[in-house]
**Student:** 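Got a structure for you, questions after.
None of the values given here were measured: they were computed from a predicted structure. First listed ligand is number 1; within each ligand, the first listed atom is number 1.
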Amino acid sequence: MKIVRVNMDTLQASFEEAPKEYELIGNRGLIAKILLKEVPPACHPLSARNKLIFATGPLAGTGVPTAGRLSAGGKSPLTGGIKESNSGGVVADALVEHEIKAIIIENKPKGAGLYALVIAPGKAELVPCDDLKGLGNYDTHRKLLERYGSKATVASIGPAGEMRALAAGIFTSDMEGLPGAVCARGGLGALMGAKGLKALVVLDGGEYTIPVKQPDRLKEALKKYHEVIRSTPQTAQVYPKYGTSPTIMTFNALGGLPTYNFRRGDFEFAEKIGAEALYTTITERGGEGNPTHRCMNGCPIRCYNKYPDSEGKLMVSPIQFETLAMLGSNLGIGDLDAICRLNCLCNDQGVDTVEIGVALGMAMEAGLLQFGDGAAAAGVVEGIGKGEALSRVLASGAVVTGKVFGIERVPAVRGQALPAHEPRAVKGIGVTFSTSAMGADHTTGVTFREKVDHQKPEGQVEASVRAQIKHAAFDTLGLCFFVGTAVQDPMLTVDLVNAVYGTDFGEEFWVQIAKDTLRAERAFNEAAGFTRVHDRLPEFFREEKLPPRNLVFDVPQEEIDRVWSELLK
Ligand code: SF4
């Protein structure tokens, strides 16, 4: 397969063979290796020396369900450390059809112009697109599909990315051609903006498929894989009916749902924004709404949904747990329409709903807005594209918001805001947030499905280590982590690799690719100046009791410091 190298200074793109050592890895693991090799860790994230990488996985386009995740990565403008963020959608499969394993965007353009990188069969070309300047992601995708055909796929930034706002994400095409699949976290949209790249457009017409070395073995491995998905209630019934929204009530019951700027772990209006309310609203309104659909071809789980307004017109797709919590309970907003409107505005402006949700919660507590005021929050998000001062501060994320308004209590680790997993109530995730190279990021190791008492400090280090290895392995194979709920036996995934590539690995392969990824990320961050001092949650999580269970985060720091010796073993 090929790597496309794009020089934004000369405006030239070239193809090169992907090194053999990259064959069996992709996405997060590939990004970590390339960054460690090619990017000076101490560089400024918005400088010409940083690189933006798009990467696909080794199983994409082979018929393995959910293997078409697209990863974006680089040195994070938000955290100053390594960052990989992945999305579902259809862009990765389209890249593989053009035999592309990764795209590396280098340098910066000389002027202020904006470009679209257009991938066609055997060709990659930078095309000026100043007419898209300032456009939201919805109009950007619509115009590009009009220009390049409805079967093209797109990854774009909105006004927030163009302004290099630190909460900016990259918004990629879903099955409907909408920008609903998001590489949200870590400010990678700001990195794309710094490169002068408004969009990546992948044209229809690629004919490549990864050759499967042992088709019968793959058929057998896929049969087992599907059986496990079909026989696990979460992947067979819960996700397909409700998406990820049931986690609202699960966390509410645990006292771990971020509420009123992390002041409480339960929300009096949780039921109004929970799974049943969401499902009922979508099905009763009908029209363009749909409680379940897939973000990419062949996914049997179908956790995406389409939320319609009261007239049945599509408001946003999908609405997921993290967003329901961070734009809902964390802001005291118990109204699905208000949350979905906010979600839609965030997608259009191009910001991560978690980072902006935390920043909005802090602004509400500081008295700049009122808790529960969805219209005022929407006004702030809309103001990003207009360059309004408060909007730009909040779009710079939780840490900047804290500095500008003199706020001590900032729910962030390594510069990145906490997602909707309260570490005082689910303590293992606090260990993950403390130690992950990505900062506070649930996609690096959720523990709430681990067999451990979440509210006691014991066993949390082990739970986090297990979860971090599992997430890193899934992310390095480009698989959607929601499959991980069903797939407990690593050999189910290793067998897929063995069948496609004709290898004979055992479970050690899975652990190896995960640990290699984690080590490379840690090495990058150490060289960028991070030390063990950064492996800490903000002090208030240890000091402030979280109602209603009055929990604090009390996993001893010496225990947390053990994580890296476990992961480096
Ligand atoms: S489980 Fe959901 S996010 Fe994952 S591939 Fe399927 S539809 Fe996409």
**Student:** Determine, using ring centers only, whether His471 and Phe481 are less than 6.0 Å apart.
**Tutor:**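 That pair passes the under 6.0 Å test.
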**Student:** Work out how many protein N, O or S atoms lie closer to atom 2 (Fe) of ligand 1 than 2.8 Å.
**Tutor:**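 Excluding waters, the total comes to 1.
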**Student:** May I ask you to list the atoms of ligand 1 that are less than 4.0 angstrom from any heavy atom of Arg69?
**Tutor:**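 That gives atoms 3 (S) of ligand 1.
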**Student:** Sequence neighbours left out, cut at 3.5 Å: what donor-acceptor pairs do the side chains of residues 222-233 make with other protein atoms?
**Tutor:**
from: Ser231; atom 1: OG; to: Glu227; atom 2: O; distance (Å): 2.9
from: Ser231; atom 1: OG; to: Val228; atom 2: O; distance (Å): 3.4
from: Thr232; atom 1: OG1; to: Val228; atom 2: O; distance (Å): 2.7

**Student:** Pair up each side-chain donor or acceptor in residues 295-303 with any protein partner under 3.5 Å, not counting sequence neighbours, and list the distances.
**Tutor:**
none

**Student:** According to salt bridge (charged side-chain N to carboxylate O under 4.0 Å, His left out), does anything in residues 412-423 pair up with another residue at least two apart or in another chain? List the pairs.
**Tutor:**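 As it turns out, the salt bridge (charged side-chain N to carboxylate O under 4.0 Å, His left out) pairs with a partner in residues 412-423, which skip direct neighbours, are Arg414-Asp535, Glu422-Arg424.
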**Student:** Contact between Phe482 and Thr244 at the side-chain level, heavy atoms closer than 4.5 Å - yes or no?
**Tutor:**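 Side chain of Phe482 against side chain of Thr244, heavy atoms only: contact under 4.5 Å found.
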**Student:** What's the separation between atom CG in Leu518 and atom CE in Met438, rounded to the nearest 0.5 Å?
**Tutor:**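 Here the interatomic distance stands at 8.5 Å.
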